[in-house]
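One structure is given here, and the rest of the page talks about it.
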Amino acid sequence: MPGMDSLLDGYPISPSIHDELLAADGVRPECESLAEGFDRLGAEEVRARAAYLASRYVDSGVTFDLGGTEKPFPLDIMPRIITASEWDTISTGVAQRVYTLERFLGDVYGNGKVFDDGVVPRRLIVTSPNFVREVAGITPANGVRIHVAGIDLIRDGDGAMRVLEDNVRIPSGVSYVLTNRAAMAGAMPEVMRQYDVQPVDTYPYRLRAALEAAAPAGVSEPNIVVLTPGMYNSAYYEHSLLARTMGVPLVEGPDLVCQGGRVYVRTTTGLNRVDVIYRRVDDEFLDPVHFRGDSVLGAAGLVSAMANGTVTVANGIGNGVADDKLIYTYLPDLIRYYCGEEPVLPNVDSWRLEEPGALEEVLDRLDELVVKPVDGSGGKGILMGPQCSKKELDAARIKLRADPRGWIAQPLVQLSTVPTFVGDRLQPRRVDLRPFAVNDGDAIWVLPGGLTRVALREGQFIVNSSQGGGSKDTWVLANRHPVEAPPVPAIELQASAAEIAAVPLAGSEPMDRPDSSVWEAQQGQQQQGRLSAPALDEAEEVVKPC
């Protein structure tokens, strides 16, 4: 146990909450060196290094948008540790889930066998606001629609990992995984050296390789771009970092032009063909011909080029129908249907309010439950029943009766806690985990660690940065004989791990600015939170699909 001068003295332990560093009988075995390292440093030194982390993120521009204000993304100095054996289970379960969702999207926009076999009602899809009829029948070049996924996990009161939600549209947050690791390596080198931590800095290489594999047929050296809404978007830092580390152009909608069924990017020497677009723009803004006619964030004719097979958009348009929270409730059955096996990672128990008896049960127990909009993100719109007043609960009952299809309900799960530096002491704060998976069509690779988000306010359950949360570096411990990571060609990976945190916010400038009125409209569209919600994605394990 910690000594009398330990930062953990007086640290509260609750029998109903799983703390990932301290158990009832002391420090967990995998965390002993971590606790000892912090004790050796002492409170004053830890405080100084925590201040260094905060200043580094301010100086480097690692920010996110909170209420219209750019703030440094809070990184807590206490890392989170996950053992190699537990990570094996997590990565296998994440890959199983991504493979299942990939097959499901193929059915949704293809022959619909999953509906014919009665696994999921067809009406559930056609009533989803995220179902995009315009891409029905379009098959991607290598069959992949989910090139990148972020699967949110929580640990319950018994210490078991469960899936909270799936993100297969444009999941954000992997930039913080990279910058957190680089920052922690500088702030706590002597503590990190005590562990064999799996690396994260090959992510840009893995992502670029998956995008190259998604190129249209017959293209051997694809031209890839990262499409951003622009510098006013809350996740612009991530867009610019990924473009730079992959060594590909960062472009905005006005930089792209569609001609003759193909997509081109404007450059100072003329038009260059574009084969793969890693888009960070929501579906409705991608093509003003098919979606929002007032959008200046995409390119007119993009969907037609996709249908012609001349360009690949990653992630696929229409993926949101697969991470609808109602579809989440069907994932265990979908895994059995597509994989012929049981889910490796269980869901949180959920009620579908459209089912007979479910709505009345939920309304009776509303003060005990968490109610979520099926198409929500970033922690927005969630009703925490135990924290609501009678007036708020009564108003919620009216909403649920009016639109039962638009909501699911779940029990309030006591998320696990990890010690977090608050003031001058370590205090328990709730966390989740977003592992990022990259799918190249042959295998699904899960980045070892992912983004740990932490609720910084005492008693808070919602960890999203948009709700005032922060993050932690996630240390996945290596096996005794880790598999050596593949070499990363310097031409493809343009920045080392040590350099990642210093990537400036300034990105590629468009070759041709629209006129001022259009430019103002573009700024307004960039600032819409739904464009890209802020985070808050063996040494390298590749998981074969089931």
Side-chain angles (χ1 to χ4, degrees), residues 61-70 73 130 132 147-148 150 167 169-176 211 224-244 246 248-258 263 265-266 274 276-303 311 313-320 377-378 380 465-466 503-537:
V62 185
T63 63
F64 71 101
D65 182 271
L66 181 60
T69 303
E70 286 293 317
F73 191 64
N130 298 308
V132 180
H147 304 82
V148 179
N167 298 280
R169 282 177 266 190
I170 42 177
S172 290
V174 74
S175 60
Y176 302 128
L211 296 175
I224 302 168
V225 299
V226 175
L227 176 62
T228 175
M231 64 182 296
Y232 294 97
N233 183 260
S234 59
Y236 182 70
Y237 169 79
E238 177 159 304
H239 309 164
S240 59
L241 184 146
L242 290 177
R244 174 177 169 175
M246 286 194 292
V248 304
L250 180 68
V251 305
E252 299 180 23
D255 299 331
L256 300 179
V257 59
C258 299
V263 180
V265 59
R266 294 185 174 96
V274 175
V276 181
I277 300 173
Y278 180 46
R279 55 80 173 242
R280 301 302 296 263
V281 174
D282 271 3
D283 290 356
E284 61 184 306
F285 293 93
L286 280 173
D287 186 340
V289 173
H290 291 277
F291 307 122
R292 280 188 52 159
D294 64 343
S295 175
V296 292
L297 303 183
L302 182 58
V303 172
V311 70
V313 174
N315 279 357
I317 296 175
N319 277 14
S377 64
K380 297 173 183 175
S465 58
S466 57
V503 175
L505 275 173
S508 302
E509 288 294 322
M511 294 302 167
D512 298 300
R513 288 288 189 204
D515 62 49
S516 59
S517 61
V518 176
W519 181 237
E520 290 172 1
Q522 184 172 2
Q523 291 182 28
Q525 290 179 10
Q526 290 171 19
Q527 291 170 347
Q528 295 188 42
R530 63 172 179 253
L531 285 179
S532 183
L536 10 134
D537 124 192

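None of these values were measured; they are calculated from a predicted model. For reference, positions follow the sequence shown, starting with 1. All values below were derived from every heavy atom in this structure, side-chain atoms included, with hydrogens, water molecules and symmetry-related copies excluded.
Taking all atoms of both residues into account, the shortest heavy-atom contact from H290 to V303 is CD2-CB, 3.5 Å. Between E252 and P229, the shortest heavy-atom contact is OE1-O, 4.3 Å. Closest heavy-atom contact between V174 and E238: N-OE1, 3.2 Å. Contact between A235 and S172 at its shortest, heavy atoms only, is CB-OG, 4.1 Å. Taking both residues in full, the closest heavy atoms of F285 and S295 are given as O-OG, 2.7 Å, listed atom of the first, atom of the second, then distance. The heavy-atom pair separating C258 from A299 by the smallest distance is SG-CB, 4.1 Å.
The backbone N or O of P254 sits less than 3.5 Å from a side-chain atom of R266, completing a donor-acceptor pair.
A side-chain contact (heavy atoms from CB on, under 4.5 Å) with V274 is found for one member of L302, I224, V263 and no other, namely V263.
Annotation: side-chain contact (heavy atoms from CB on, under 4.5 Å) contacts of V289 (sequence neighbours excluded): D287, A300. Taking the salt bridge (Lys or Arg N to Asp or Glu O under 4.0 Å) definition, one finds that D283 meets it with R279, sequence neighbours left out.
Between R280 and N233 the shortest side-chain heavy-atom distance does not fall below 4.5 Å. Side-chain contact between L227 and L286 is present, with at least one heavy-atom pair separated by less than 4.5 Å. P171 places a side-chain heavy atom less than 4.5 Å from the side chain of V148.
Taking CD of E284 as the start and CZ of F291 as the end, the distance is 9.5 Å to the nearest 0.5 Å. Distance check, rounded to the nearest 0.5 Å: CD1 of I277 to CG of L211 gives 11.0 Å. Once rounded to the nearest 0.5 Å, the distance linking CD1 of I170 with NE2 of H147 reads 14.5 Å. In this structure, NE2 in H239 is found 8.5 Å from CG in L250, a value given to the nearest 0.5 Å.
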- Message: For V248 and Y278: C-alpha separation, side-chain torsions, deciding distance, then whether side chain to side chain contact (heavy atoms under 4.5 Å, CB included) applies.
- Response: CA-CA 10 Å; V248 304; Y278 180 46; over 6 Å; no
